[in-house]
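By convention in this document, chain letters (A, B, ...) are assigned in the order of the sequence lines, proteins followed by strands, and residues within each chain are numbered from 1. Everything numeric here is computed off the predicted structure, so don't read it as measured data.
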Amino acid sequence: MASIQITEATKSYGNTAVLHGIDLNIQDGEFIVLVGPSGCGKSTLLRMIAGLEEVTSGSISINERIINDLPPRDRDIAMVFQSYALYPHMSVEENISYAMTLRKSPKEKIASAVNGVSNILGLNGLLERRPKALSGGQRQRVAMGRAIVRDPQAFLFDEPLSNLDARLREQMRSEIRKLHRKLNATSIYVTHDQIEAMTMADRIVAMHDGYIQQVGTPLEIYDKPANVFVASFIGSPAMNFIRGTASASGEGYHLQTDQGHQIILPKSLDLKDRMDVILGVRPEHLMIVEEGPASLPATVDLIEPMGLSTLVHVRVGQDSLKIFTLDRPDIAEGTQVHVSYIKEKLHMFDARTEMRLESPV
Amino acid sequence: MTAATDLGTHPASRQGVASRRFLSRFEPYFYASPAIVLLVTVMMVPLVVGLTYTVRDIRILNPFSGGYVGFAHFEAIWHDQNFHNALYNTFWWTVTSLFFQFFLGLMLALLLNRTFPGRRIIQSLVFLPWAVPAFLSGLNWAWMFNPVISPLPQWLFALGILSEPTNILSDPDLAMWGPIVANIWFGIPFFAITLLAALQSIPGEIYEAASIDGASRRQQFVSITLPFLAPTIAITLMLRTIWIANFADLIIVMTNGGPADSTQIVSSYIFTQAFRRLDFGYASAIAAVLLVLLMAYAVSIIFIRRSLLRET
């Protein structure tokens, strides 16, 4: 197993820079998820670690050995591709054993390794088949099998579940997680799906526009997003944002929203008077209440019942807000309601830099 | 249309359904009929007529010919030294041309499958020989081997390939190489085009997966490129074998089968028998033999390919 260090790594195609000074230290045995919208550079970074893309500057090392110029086959890493990239002319068994055959491993060793892998992944009845005779989920398992049979230094996953249907994806998500716990191998997993990131990662690396936005455990990232991008990308339904100006009132501050409402802010925030800010509040921290001192008047736009929960879309002035509730509120679309919030759960961002305003503790 | 909508409710509609069924069953034949009529008139009829010639004595210049001769032509073929010679030459001509066309075409396809500046222009240039009419290529190559016009024989002499800077087309031992070289030049683009198309259909991720699995470039070629190309290779080799074996144009233009029949292949021999000696009966009999040989070849290739496919 291995630790991976990425130091000031950049990648450009001609004059177009796609990755800017990436620094990341991955511990031995860690499950890291690179998450971000398409085009953020997460797949490029993964392919650079795999050796499929050159590193323009900076360095990537495995176990403190710089591997920038090593060809993929000398890096001892395994990769699962989005399209699975199985060899269509080989049987499942040949697909899984190809890497070992190339290394000229003894036949008995290959056979027992293939056997072990097919037991773990439930491929036993399929070893003679060709990839085209398999379902999407089975192909995915074969791709996994091809990776784990080699017992590599690290696993790289490039959106491996995005071609599966929702139910299968959910199932494979937990299987990959269990597999990781069993093998305890360093893994880097690329996805654009924040649910995969939240549920699978030891640490999430949120990326945007070729920069790392934040690195942290799923709950750190969820509870303390470093900036507006991370706050909006992580979490489903997504966080609500309200623009406004902080104004001093008595001991603390309140937010004068652009829509003319006032929201009382926690005292601990490091604010200045007349500062333009963005307030973020997650849908589960808003609630529909009777009219009260801290409530905002709102109009119900849409109600989305989801069985377990209900998502209520309301409008406060021009701001659209989503409210997540486990109740089944007895209100009709178009009616007037009042909305309140949990003051301690508000997130504040500087409107100019879009960075999180932390309490000065 | 109404018949279809209230199906089964009125007796009249059943008729509509029946005629509809008739139409849908025979529809493909209606559409195919122009092509079938054309094929029958220009292919099948001449073929059958040609086959009847094989058992008749048909010489255009002899008004008394035309009688039934049974298998006399085939007996003559059996003992015809020129035919045996032509058969041997056909084998030699086909195998050599095919070998070089295929391997040079494959190399070209592999080169053109890489990305380099100006690739598109070079691709289209490479495919030019295929666009030149065969008899023009033949004339050009005949001139190229002529020491009076072309420096090529001098160069071959300087390189030590020829002992004298003479025209190889007039040397019975070497003459066959003339049309073969022209044929290789002419046929490379065909393999380059078809193999390049097959190469470009291989997904790049398969190579990436293989390189991560630890395959060197050579191992990737053997275990990925070749298996992907195999179906294309099988079908193009079969097609080209038949085309080359029948392809007398270059030989007729460059050597006319000479000197001393040293470049005569079966199809050029048929041409000579039919249109020089005007012995259509004998020429038809040779053509029938060639047809049988090529069909046997094609059937055996298809059989081999099928059994290979079943195995994999």
Step through the shown structure and confirm whether more than 12 heavy atoms of other residues, nucleotides or ligands are within 6.0 Å of [atom1] on [X].
X	atom1	result
B:Trp243	CH2	yes
B:Leu159	CG	yes
B:Arg217	CZ	no
A:Glu54	CD	no
B:Phe91	CZ	no
B:Phe116	CZ	yes
A:Glu8	CD	no
B:Leu293	CG	yes

Search all heavy atoms of [X] against all heavy atoms of [Y] and return the closest pair with its distance.
X	Y	answer
B:Phe228	A:Pro88	CZ-CG, 3.3 Å
A:Arg146	B:Asp213	CD-OD2, 3.6 Å
B:Ile212	A:Ala50	CD1-CB, 4.0 Å
B:Ala209	A:Ala85	CB-O, 3.8 Å

message: So A:Met79 and B:Glu208, do their side chains get closer than 4.5 Å, heavy atoms only?
response: no
query: With a 4.5 Å heavy-atom cut-off, do A:Tyr87 and B:Ser223 have their side chains touching?
result: no
- request: To the nearest 0.5 angstrom, please state how far the CG atom of A:Asp158 sits from the CD atom of B:Glu205.
  value: 7.0 Å
query: Using non-hydrogen atoms only, which part of B:Ala210 is less than 4.5 Å away from chain A: side chain, backbone, both, or neither?
result: both
task: Sort B:Tyr207 into side chain, backbone, both or neither according to what part of it lies under 4.5 angstrom from a heavy atom of chain A.
output: neither
message: Let's test your reading of the structure: which of A:Arg75, A:Arg47, A:Gln82 forms the most heavy-atom pairs below 4.5 Å with chain B?
response: A:Arg47
statement: One option among A:Arg150, A:Met100, A:Arg103, A:Arg73 has the most heavy-atom pairs under 4.5 Å with chain B, and it is A:Arg73
query: Under a 4.5 Å heavy-atom cut-off, does chain B meet the side chain of A:Leu86, its backbone, both or neither?
result: backbone
